[in-house]
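Read through the structure below, which is laid out as structure tokens, and then see the notes.
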Amino acid sequence: MSLSTRSARCAALMAEPDELYPEKIIYPRNTRTLIKTAVVGGKPIDEKTCMALRTLVFGSCATPPRPEWARTGFTLRPYGQSLAFGLRAARNTTRSLVTAVQAVMLKHFLFKSNAGPVESLLKPSYERQIEALTSTVAEIIWRSAGGFAVQNIGCSSGQSAAGNESAPTAVVVLPQETPYVQHSVQYFQDGLTETLHLFEFESLDDLEIFIKRYLYLFQDEGSPGAVLLLYSAVLSRGLSKVKIDLENPRGSMLGGCPEEGSISVVVFSLTGRASPHLHNGVLHVGDENTYAVPQWGVLARSEVGFLVHEGDGQSTGRQPGSRLKTPNLPIWVTLCHGHHGVLFNTNRELLRNYHAERRFEIQYFTCGGSHAILTVDTRSTSGNDSELEGSSKECTDMGATPLEKLIRSKWQDAYIQWNGAPLM
């Protein structure tokens, strides 16, 4: 395959479908509607928590928050069809969170269900879609509360969570109609944050039952599902702990973030800690004129990984450590030239058996609807390597697409072949 053809395919894969095909064709959708149960109970949000929560997430409570968060839910694709495992999302600052949710959903589709043909696992029924989304939302909130004790490993006293000292308490926020904080110079009403009710849970089972009952508030197209999940995770982790995670007293999770959202939101969703750093453990940064400041990265191996390629001039400090590069399962959230996506393989043993890593297929999916299948060959004695020697191999490396370079950040010098044109 010529370099120009590969580059064209990668460019098409990175572009949004709306950019490629401005004239939309609307097809009938085989979606169902969840039962909409009225929200009952909970504790109304108080003014202090409301203002602190908005400020920590969006950077200010005196100005309107980013509007896309009020209308982005975790919208499922038509069940039983191609890409039924995927979520749909516009390209805006919600994309990083939706993509992280997508990656965790893939874990439930592929590795948390009864064994069966891969084709059927990736074309789930409506009931399976709802089950996976429910488990994913509950898992992210529970992990943020310290329920899996990941973020507590190796923490200092200032970094530790309460998970080792007491039972974790997860918090879920759901909207009501009554605003509990009035519009003022200090607070700009957004129609959601000031109406929230807080619900607390001390077991994952109870949390999942509750999430399933009100899943329509997270799942409906145009619902505020993304911000409800982010708010719930932040309150479950604790406002003070999230501030410590960000390592900036005036920092926020979404203030000044890139077009498709922030890295800390992805790390928060996957590890339960809102760290802006991707390295393993703790690094002490300083010089002879300043005190060394600890930077807390990823404290334990993640189930779902994270790969980043921001360009050929990317600093090594922005590269994920092995706890994100080599997760427990072969699923990775990706950030490639500002675009979020998911790489995944359907073989659980891929990262446990070096024979499985010699030659394998990997799939790439974005919540914009792009999908590609590539073959990765890591064999040092591969016949492909013999064909690419000296300047020819260097030329191929220089002409590699951004997606290929991203894959090689995990499997260095791998030969990558595109299997057909990307599905748009």
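Predicted, not measured: the structure shown is a model, and the values here were computed from it.
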Requested in this report: Please check if any side-chain donor atom of T193 sits under 3.5 Å from a side-chain acceptor atom of Y231, or the reverse.
Outcome: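 Yes.
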Query raised in the report: Do the side-chain N and O atoms of H277 and E247 include a donor-acceptor pair separated by under 3.5 angstrom?
Result: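 Per modelled atom types, H277 and E247 side chains form a pair under 3.5 Å.
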Closest approach of [X] and [Y], non-hydrogen atoms and distance?
| X | Y | result |
| --- | --- | --- |
| Q182 | P179 | NE2-O, 3.7 Å |
| A226 | L97 | O-CD2, 3.3 Å |
| C257 | S262 | CB-CB, 3.8 Å |
| S275 | W296 | OG-O, 2.7 Å |

Got a second to check how far [X]'s [atom1] is from [Y]'s [atom2], nearest 0.5 Å?
| X | Y | atom1 | atom2 | answer |
| --- | --- | --- | --- | --- |
| T49 | L196 | OG1 | CG | 10.5 Å |
| Y187 | M51 | OH | CE | 8.5 Å |
| Q219 | L87 | CD | CG | 9.5 Å |

Report task. Validate the cation-pi geometry between R237 and F268: distance from NZ or CZ to the six-membered ring centre under 6.0 Å, angle to the ring axis within 45°. Result ->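 Cation-pi check for R237 and F268: fails.
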Query raised in the report: Just one of D190, T93, T94 clears the side-chain hydrogen bond (donor to acceptor under 3.5 Å, both in side chains) bar with W69, so which one?
Result: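 For W69, the side-chain hydrogen bond (donor to acceptor under 3.5 Å, both in side chains) check succeeds only for T93.
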Query - Residue of the set L122, L329, I362, V304 for which side-chain contact (heavy atoms from CB on, under 4.5 Å) holds with F344 - result: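 So, applying the side-chain contact (heavy atoms from CB on, under 4.5 Å) to F344 and each of L122, L329, I362, V304, only L122 qualifies.
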Query - Sidechain-backbone polar pair: T378 side chain, R358 backbone, donor-acceptor under 3.5 Å - result: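 Checked: pair present.
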Requested in this report: Could you walk me through whether Y364 and H371 pass ring pair (Phe, Tyr, Trp, His ring centres under 6.0 Å), step by step?
Outcome: CA-CA 6 Å; Y364 178 74; H371 181 236; 8.9 Å; no
**Report entry** Exceeds 12 heavy-atom contacts within 6.0 angstrom, atom CD of Q412
**Finding:**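 Not buried by this count: 12 neighbours or fewer within 6.0 Å.
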Requested in this report: May I have the step-by-step check of salt bridge (charged side-chain N to carboxylate O under 4.0 Å, His left out) for E139 and R143, ending in yes or no?
Outcome: CA-CA 6 Å; E139 176 183 324; R143 182 182 294 113; 2.5 Å; yes
